[in-house]
Structure formats: C-alpha cells, structure tokens
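A short write-up of the structure that comes next.
Note that these values count all heavy atoms, side chains included, but never hydrogens, waters or copies made by symmetry.
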Amino acid sequence: MTPQDFKNKNAGRFDEAALERALDKFAVPPFDQGAAMARVMRRLDDKKRPEGAASFPRAYRWPGGMGMAAAAAAILFWLSPAPGPDEIDRFLSSAQLAAEEIALQEEMMALWDDPADAEIEHFLDEILTEEEWG
Amino acid sequence: MNPLPAQAAQAPPDEELMRKVAAGDRMAFHALAGRYMKIVHAAVYRMHPYAGDAEDLVQETWLRVWSKAGTWREDGGASVSTWIYRIASNLCIDHRRRHKPVADIDLYEIADGGEGAEKKMQDRQAQKIVKDALQSLPARQRMALVLCYYQGLSNAEAAAILETSVKGVEGLLVRARKTMYGRLKKFEGVLMP
C-alpha cells in the first residue's frame, strides 16, 4: 500500500489536513548537539570497549562473567596458604554463588533488553489490525 | 531511509562507520553520532517530551550504540539508522515503564508581556495540547505516529523499528490518527483554525 493509497483509504473518515495542521504545532525545542556530543564522548571513557572488540581472541574467552568469576576463584585458591578442607569448601561455594549471581544478572539484563510485554503488545496490535482492516 | 544531507558522496557510509565503531574507533563513533544525533533527539523528544529526560535518553542511546555496536549485523536486515532508532524506541518504552513523567515547567511559564506575548502563549498552549494528546496514546501507536509522521519514515522502516509488519504499522497509524483527531477536535479553535 502506498502512502497515497493509505490516505485514500482514510479519506472521509476525518479531516486529515486539519489533523496534520494540529500535529505540526508540536515543535521540538532547540537541541545543543555540540554539548550533547561532548557529554556522550566524556561518558565513553567510563564505558567498556564495544562488544566484539575484545583485547584477546574470542576463542580464549569464557562466556561473560562466569569466566571472570571462575578465573578469579582459581587464582585466589592457589594463592591462599594451605587451606583446610572446610575452608576449601566454603571458598568454593562462595565462588560458585558469585558465579551464579553474575549469570543471573546477565539473564536479567537479557530479559530487560527483550521485554515480553513488547511481544504481547505486538501480538495484540496484529489481532486488532486484522479486525480493523478486515 | 533517505540519505541525510551530512551523508555526502565522500562521507563513509553508515555501515563502514558501524564496523569501525564495533572495533572501538572513537572517531567513527563521533562521525556516526554527528550524523544522527539531532534526528534521534527529535524522535526521542516526541516520544517522551520532557526536556531533561529526553536528553538523558539521547545520551543513553548513543552509549548503547557504542557498547552494543558489535551486535549489529550488516546482513541481519536492519540498516544502521533503523537499528539506532530501535535502540532509542526501546529505551523510551523502558523509561516510560519505570518513571512517571513530571510536568515540563517551561511550558507553563507565563509569557513576559511585550509584543508577540499573546501569540507566544497561544503557541505554547497549542504545543501542550498536542503533546498531551500524543502522550495519552498507547506507546506503540505513539511511536508509529512519531516515526512515520514526524520523522518521515516509510511504513516499512517503522515496521522494522517496531519489529512488526507493515500492516501492523498501518493499523497502529489508523488508530493513532483517529484517537488524535478525536482528542484534538475539541480544541479546534486553537489548533485547526
């Protein structure tokens, strides 16, 4: 459907031109792009490198924070002076908890990026569309 | 999407800049942000017209572009601009879910007398009426209207951003326009002279 077909289909339903005149009253305030750009560039310094631009080959990396947590646990384990069996158990379980927590956080972040609500809205839109357009 | 004026013949295409951004090239990021920052701001402001929040959302959009650049796939279907719009749109929806909008103070400022003060007041009043009507729409209808009407994107581009079909976008637009017309008609003396 072309934009003109779309207009024709809606012609007579309401005064399209009047609506567009009204919509045009909503202007965007001036935007200081230079200042905004400077703020973004400053904040880049606090950010990690982009994903995929890692400093060592992907093949040697473990998935996400799990790898980091396990590596840290291994180093600390070997540096600690002759721990007893209880101490080793405690240490391993706390390392495991930390790794699980990081994995959970990553899972939550993934859910946040792809909210189920949006899918439901999308689904409803499709149903309503069918009805409206016959 | 139509090429922007800044994207002249010699300028590197978006895809090339994006590949460099994914590799951590700050100059390429600066060039890409320079190309799209203003239109992203316009879109974000109309989706969420609260000045401070809109600027924060624009910043957050670009920080996400930087940190997620490696996830953009040239062969994945979405153009760079569509991908950027999608990030901005999702951030606006998320932000709206988590924060209740607060009144935008400058719209309530009393005009300072003098010549043109009355006209200025009328313009502000009209702006506020349209802004409020737009904000009262369901999120996806509002976004479809912003992308297709204000940003001038095609229905297909809006469909790619909203991750729906072209028919889905057409339905959203029909409902959005109908609702907007119903709400704005009451103010036709101010808005539709």
In terms of heavy-atom pairs under 4.5 Å with chain B, which of A/Ala36, A/Gly34, A/Pro29 leads? A/Pro29
Please state whether the rings of A/Phe26 and B/Tyr150 are parallel, tilted or perpendicular, taking 30° and 60° as the class boundaries. perpendicular
If you count heavy-atom pairs under 4.5 Å between each of B/Lys38, B/Glu55, B/Arg46 and chain A, which one has the most? B/Arg46
A/Val40 side chain near B/Met37 side chain, heavy-atom distance below 4.5 Å: yes
Less than 4.5 Å apart, side chain to side chain, heavy atoms only: is that true for A/Arg43 and B/Trp62? no
B/Phe29/A/Met41 under side-chain contact (heavy atoms from CB on, under 4.5 Å): CA gap, chis, key distance, verdict: CA-CA 9 Å; B/Phe29 176 79; A/Met41 295 308 284; 3.7 Å; yes
Hits for ring-ring contact (aromatic ring centres under 6.0 Å, His included) against B/Tyr149, two or more places apart or cross-chain, chain-then-number order -> none
Counting only heavy atoms closer than 4.5 Å, note whether B/Leu134 contacts chain A via side chain, backbone, both or neither. side chain
Just jot down the side chain to side chain contact (heavy atoms under 4.5 Å, CB included) partners of B/Ala31, sequence neighbours excluded, or say none. B/Leu17
Out of curiosity, A/Leu44 CG to B/Arg26 CZ, how far, rounded to the nearest 0.5 Å? 5.0 Å
If you compare all heavy atoms of B/Leu184 against all heavy atoms of A/Ala22, which two are closest, and at what distance to 0.1 Å? CD1-CB, 3.8 Å
For residues B/Gln59 and A/Arg39, determine if any side-chain heavy atom of one lies less than 4.5 Å from a side-chain heavy atom of the other. yes
Sub-4.5 Å side-chain heavy-atom contact between A/Lys25 and B/Arg124: no
